[in-house]
Amino acid sequence: MNLSQELLASMYRKMMKIRKFEQRVSELFAQGMVPGFVHLYIGEEATAVGVCENLKDTDYITSTHRGHGHLIAKGGELKYMMAELFGRKTGYCKGKGGSMHIADAKIGILGANGIVGAGLPISVGSGLSARMRGTDQVTVCFFGDGASNQGTFHEAMNMASIWRLPVIFVCENNLYGISMRQDRHQAIADISDRAQAYGFPGITVDGNDVLAVYEVAHEAVKRAREGAGPTLIECKTYRWRGHFEGDPTTYRAKEELEEWMAKDPIPRFARYLEENGYASRKELEEIERSVESEVQQAIDFAEKSDLPDEADAVTDVYSDLVEEGRAR
Amino acid sequence: MPEKLYIDALREGLREEMLRDENVFIIGEDVGLYGGAFGVTKGLFQEFGEDRVKDTPISEAAIAGAAVGAALCGMRPVAEIMFFDFFTIAMDQLVNQGAKNRYMFGGKAKVPMVIRGPMGCGTGAAAQHSQSFPAVFAHFPGLKVVMPSTPYDVKGLIKASIRDDNPVVFAEHKLLYRVKGEVPEEEYIVPLGKADIKRKGKDITIVAGSIMVIRALEAAKQLEQEGIDVEVVDPRTLKPLDMGTIVDSVKKTGRVIIVEDDPMSFGWGAEVAAGIASSSAFDYLDAPIKRLAGLDIPIPYNPNLEKHAVPQVEDIVKAIKDILE
């Protein structure tokens, strides 16, 4: 595929943005600045970026508990994300959702999701809405290998198939459903095989190769926009961190992690850009520094932001009713 | 005023809202070509076409999830779940997604969807096709819960529910489908959160919902022969719950019995009883608050056992006589 220098640079910047954001979140979590759970995306950046670079602002995504990468790739703003992780009033969700529930309807982000496999039926609904309103919007539904064993996976793929909905199912096979290695949680090697059972194309791609992911997603998005129905894309990748920050990861061998770290999608893409004359080392380093400063600004913004007031706890439950707290 | 069946009034409400707003659509199992398992959506497929009356595979989780997703994207889906018991299969999408989305997203989303279906026993369908449990949903912040008892209410409330910007659980009792009542020709809405006094009286208040309103009114008629003047209050919606109307009625009569179709334990009647006991009506009570509800058993198959599982007219009559003695 012939991609413009501008697009390639944007892809590199976004991958770097995800990496730097996540690395800082990991540090901040260890320092106790971020409450609750965080599930980091480090190592899987090529998948989110390769897919989302094919989308418009008006297109939809549904995301997962490991959602930061998807949100950044779809155009989410770091400062509102970071403020949300800090539980601040200025965060995407006013500090009420946290890492697992960031959404931004203005750019089609229908929410990260704390329930494994729950985004799949929601993507059927957004796909259906685009069809009914007669738009060319597509929905990308991200989920993991673990979610491919939920009932919702099968229900949603079947429904999207019979209605030929503009939905692209992107399975990030990072080899583990929490602690369970893929060969222990299902008897197939390629999750894309399951598409055959629903009568639409399934394709497996190297999820650490951003250009390969881009190309496969490009075709799937085109199919969806043209009304040809859904595609299942399986991106084989690996999460470097545990299932959550603090996970001792006793279930996997150090050698396995090292093997995958050697397949780091970011230097791999940098090499491609340099070797083909799309960017110089210096330019790539500039991108890295500018991203680092953007992440720092996001942290500064979050730290300076106000905490929510107790009174905010009872608003936003309904569009019209306010819970009366303990006044009753 | 013309008399109509509950099921026809419900269908009219759905149809009027589909005509009024092109974003309203129906989704569910056998709702299209077949017209719905109970016939609620009969004819709508022919009138509005297959895109707006969408037949689905037997996949309750995906039906509810598709409704949530479509609602997040600006549509107004009305999902039918064939039997209320099957709501349990759609629980995650309703409870963890639809109900919580607005809050989790900091108020920056709305989920204008209705999910409706027939509950209740009396058809010999046994334990997995007969339970009434609307109160369960009132326990999930973010959901509204409606349980209309008359043709007038079901039409006005389905219209209000469809126009509501929050997810609404709409519980119909299957024995009500064939009940007749007055329904005006002109358009009207019944707002959510407003109880209705179905019968005025001065001796005792019955708070009853759904099918139990019909039984309470029958009991009131019988008791009238014996000089007992019963007031019947129908909350109509469980969430939001109109305690004001209930409290005012109890202050007037000084006695109250709550009649539910759901199993007794942790039912909505307990919420109403607690509300009365902690309200200004407490000082007006001349007798302990009484509850009549379903037994804490799965609904049995045998017709005699089934009848025994939930309050009947004679149970209400007897309970009220006991209170007044």
Side-chain angles (χ1 to χ4, degrees), chain A residues 60 62 84 89 91-98 100-106 108-115 117-133 137 139 150-152 154-160 162-163 165 308 312 315-321 323 328, chain B residues 22-23 25 27 51-52 54-75 77 79 89-90 92-93 95-113 141-144 164-167 192-193 239-240 243 274-275 278-279:
Chain A
Y60 299 114
T62 63
E84 188 57 34
K89 217 172 181 168
Y92 263 118
C93 316
K94 303 182 193 165
K96 293 179 183 182
M100 278 189 283
H101 304 299
I102 296 176
D104 186 357
K106 286 201 288 291
I109 298 172
L110 299 177
N113 207 314
I115 306 292
L120 285 116
I122 294 172
S123 74
V124 169
S126 58
L128 189 57
S129 85
R131 164 71 52 78
M132 294 183 80
R133 287 180 283 110
Q137 293 163 291
T139 299
Q150 286 278 31
T152 49
H154 302 278
E155 292 190 22
M157 302 249 292
N158 182 54
M159 234 181 235
I162 56 168
W163 296 337
L165 293 180
D312 296 335
T315 59
D316 299 323
V317 183
Y318 294 93
S319 67
D320 50 356
L321 309 172
E323 157 65 34
R328 284 183 298 186
Chain B
E22 60 179 14
N23 291 321
F25 72 98
I27 182 168
D51 277 346
R52 291 190 66 197
K54 269 199 120 36
D55 276 323
T56 68
I58 301 170
S59 305
E60 284 83 4
I63 293 168
V68 171
L72 281 170
C73 297
M75 305 299 288
I89 314 167
D92 173 61
Q93 289 296 330
V95 164
N96 282 318
Q97 314 297 329
K100 295 177 183 171
N101 277 336
R102 183 178 177 83
Y103 191 80
M104 293 191 300
F105 301 168
K108 291 176 200 156
K110 57 180 187 180
V111 189
M113 63 177 275
L143 297 178
K144 293 187 179 180
D164 201 282
D165 279 340
N166 304 281
L192 305 190
K239 192 78 176 274
M243 274 308 297
S278 56
S279 77

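Just so it is clear, the structure is predicted and the values come from calculations on it, not from any experiment. So you know, we letter chains A, B, ... as the sequences are listed, proteins then strands, and number each from 1. Excluded from the calculations below are hydrogen atoms, water molecules and symmetry mates; all remaining heavy atoms, backbone and side chain alike, are included.
Across all non-hydrogen atoms, the minimal contact from A:L128 to B:K54 is CD1-CE, 3.4 Å.
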Quick one, B:D92 with A:T152, criterion side-chain contact (heavy atoms from CB on, under 4.5 Å). Give me CA distance, side-chain angles, the key distance, then yes/no. CA-CA 10 Å; B:D92 173 61; A:T152 49; 5.8 Å; no
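Judged purely by atom type and a 3.5 angstrom limit, A:K94 uses its side chain to pair as donor or acceptor with the backbone of B:G106. B:Q97 places no side-chain N or O within 3.5 Å of a backbone atom of A:A118 that could act as its donor or acceptor partner. In this structure, the side chain of B:K108 does not engage the main chain of A:A105 through any donor-acceptor pair within 3.5 Å.
Side-chain atoms of A:L110 and B:C73, non-hydrogen and from C-beta on, do get closer than 4.5 Å to each other. Here the side chains of A:H101 and B:Y103 are not in contact, with every heavy-atom distance at 4.5 Å or above. With contacts defined as side-chain heavy-atom distances shorter than 4.5 Å, the pair B:N166/A:L321 does not qualify.
Proximity to chain A involves both the backbone and the side chain of B:D165, based on heavy atoms less than 4.5 angstrom apart. Contacts between B:E60 and chain A at a heavy-atom distance below 4.5 Å involve the backbone alone (N, CA, C, O). Neither the backbone nor the side chain of A:L120 has a heavy atom closer than 4.5 Å to any heavy atom of chain B. In this structure, chain B has a heavy atom under 4.5 Å from the side chain of A:R133, while its backbone stays farther away. For A:T315, the part lying under 4.5 angstrom from a heavy atom of chain B is the backbone only. For B:L143, the part sitting under 4.5 Å from any heavy atom of chain A is the backbone (N, CA, C, O) and nothing else. In this structure, chain B has a heavy atom under 4.5 Å from the side chain of A:N113, while its backbone stays farther away. Of the atoms belonging to B:A109, not a single heavy atom falls under 4.5 Å from chain A.
Note: A:S129 leads A:G97, A:S129, A:G119 in heavy-atom pairs under 4.5 Å with chain B.
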